[in-house]
Amino acid sequence: GAVVSQHPSWVICKSGTSVKIECRSLDFQATTMFWYRQFPKQSLMLMATSNEGSKATYEQGVEKDKFLINHASLTLSTLTVTSAHPEDSSFYICSAAQDEQYFGPGTRLTVT
Amino acid sequence: GQNIDQPTEMTATEGAIVQINCTYQTSGFNGLFWYQQHAGEAPTFLSYNVLDGLEEKGRFSSFLSRSKGYSYLLLKELQMKDSASYLCAIKGGNNDMRFGAGTRLTVKP
């Protein structure tokens, strides 16, 4: 099956700093990528849909100025958490769509 | 909008059969997916239904009734490694995937 990678797999940052998470489709081109957030013992919550070459579509309640998404190529989408706060600590997962969605391994963000 | 409901927790015995139900309401439908997720890991794909009926894949089967907005995941010959969360997800009209809250399954010896 198709492979999606994420980098970094985990990151610790200080409150107020920004963190960039990369999502890559390794062996296929993905015109659409999705970003999810998952808090402990909860399900995946869709944050935004990222389309190559256009602006991302954000879900209700997700601040687009705080969670910057860039989908510059068919194999790479990035999520930047700006001015991170402890409540942004979560598991961030991307997926890339081909005939089905393929998930990356996730990035665990801890904001201290 | 969408609404996806599944039980929060279930417990079953090793070697037994367990059925995890999912009911949904959605304005657009392009398929229903079941994923398995172990703690701290990304979800892994189990099954996909877009037409009514039963799809069987080894120890796992998934059923869909679009008219009833209902699906179930059937796990046979349960193994300890099947202890995980099972997520029901709907692919909507825009091909976006939305997940239910997940069912945490515990398999006991």
Side-chain angles (χ1 to χ4, degrees), chain A residues 1-10 21 23-26 30-52 54 56-62 69 77 89-110, chain B residues 1-10 20-24 26-51 55 57 62 64 73 83-106:
Chain A
V3 179
V4 176
S5 71
Q6 272 183 250
H7 178 79
S9 55
W10 61 271
I21 302 170
C23 177
R24 294 181 184 273
S25 55
L26 297 185
T31 55
T32 303
M33 292 185 174
F34 301 91
W35 287 95
Y36 295 85
R37 179 169 53 182
Q38 187 176 33
F39 293 106
K41 298 188 178 181
Q42 295 186 24
S43 191
L44 283 76
M45 297 300 296
L46 180 64
M47 297 176 67
T49 301
S50 169
N51 295 298
E52 186 268 337
S54 65
T57 303
Y58 290 82
E59 295 298 301
Q60 194 172 10
V62 178
I69 292 174
S77 176
S89 298
S90 187
F91 193 45
Y92 291 85
I93 305 175
C94 73
S95 70
Q98 205 177 30
D99 49 348
E100 64 179 75
Q101 282 199 18
Y102 299 93
F103 286 90
T107 297
R108 186 162 301 282
L109 170 63
T110 301
Chain B
Q2 287 184 339
N3 195 32
I4 303 171
D5 292 312
Q6 48 182 134
T8 304
E9 294 190 25
M10 298 184 71
I20 303 174
N21 296 323
C22 172
T23 57
Y24 65 90
T26 180
S27 54
F29 183 83
N30 275 327
L32 185 144
F33 294 75
W34 283 96
Y35 287 86
Q36 180 191 63
Q37 186 179 28
H38 286 98
E41 298 179 11
T44 54
F45 170 79
L46 289 179
S47 69
Y48 166 63
N49 295 69
V50 67
L51 300 176
E55 294 284 340
K57 189 185 292 186
S62 58
L64 175 66
L73 178 69
S83 292
S85 288
Y86 291 85
L87 309 177
C88 173
I90 302 292
K91 180 185 279 191
N94 295 324
N95 284 329
D96 52 329
M97 190 88 80
R98 297 173 191 275
F99 288 80
T103 299
R104 189 181 308 275
L105 173 67
T106 302

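Here is the naming used below: chain letters follow the sequence lines, and residue numbers restart at 1 for every chain. Keep in mind it's a predicted model, so treat the numbers as computed, not measured.
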Is it the backbone or the side chain of B:Tyr48 that comes under 4.5 Å from a heavy atom of chain A, or both, or neither? neither

Identify which of B:Gly31, B:Gly40, B:Ala39 forms the greatest number of heavy-atom pairs closer than 4.5 Å to chain A. B:Gly40

So for atom CE, which belongs to A:Met45, do other residues, nucleotides or ligands contribute more than 12 heavy atoms lying within a distance under 6.0 Å? no

Count the heavy atoms belonging to other residues, nucleotides or ligands that lie under 6.0 Å from NE2 of B:His38, then report whether that count exceeds 12.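 For B:His38, atom NE2 is crowded (more than 12 foreign heavy atoms under 6.0 Å).
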
Quick one: of A:Pro105, A:Gly106, A:Ala97, who has the most non-hydrogen atom pairs under 4.5 Å with chain B?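 Winner by heavy-atom pair count: A:Pro105.
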
The interface call for A:Leu44 against chain B, heavy-atom contacts under 4.5 Å, is both

Between A:Gln6 and chain B, which part of the residue has a heavy atom less than 4.5 Å away: side chain, backbone, both or neither? neither

When you compare the side chain of B:Pro43 with that of A:Ile93, does any pair of heavy atoms fall below 4.5 Å?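 Yes, close enough: below the 4.5 Å cut-off.
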
If you compare all heavy atoms of A:Phe91 against all heavy atoms of B:Glu41, which two are closest, and at what distance to 0.1 Å?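 What the structure gives for the nearest pair is CE2-O, 3.7 Å.
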
If you look at every heavy atom in B:Met97 and A:Tyr36, which pair is closest and at what distance? O-OH, 2.9 Å

Tell me if the aromatic rings of A:Phe103 and B:Phe99 count as close, with their centers under 6.0 Å from one another. yes

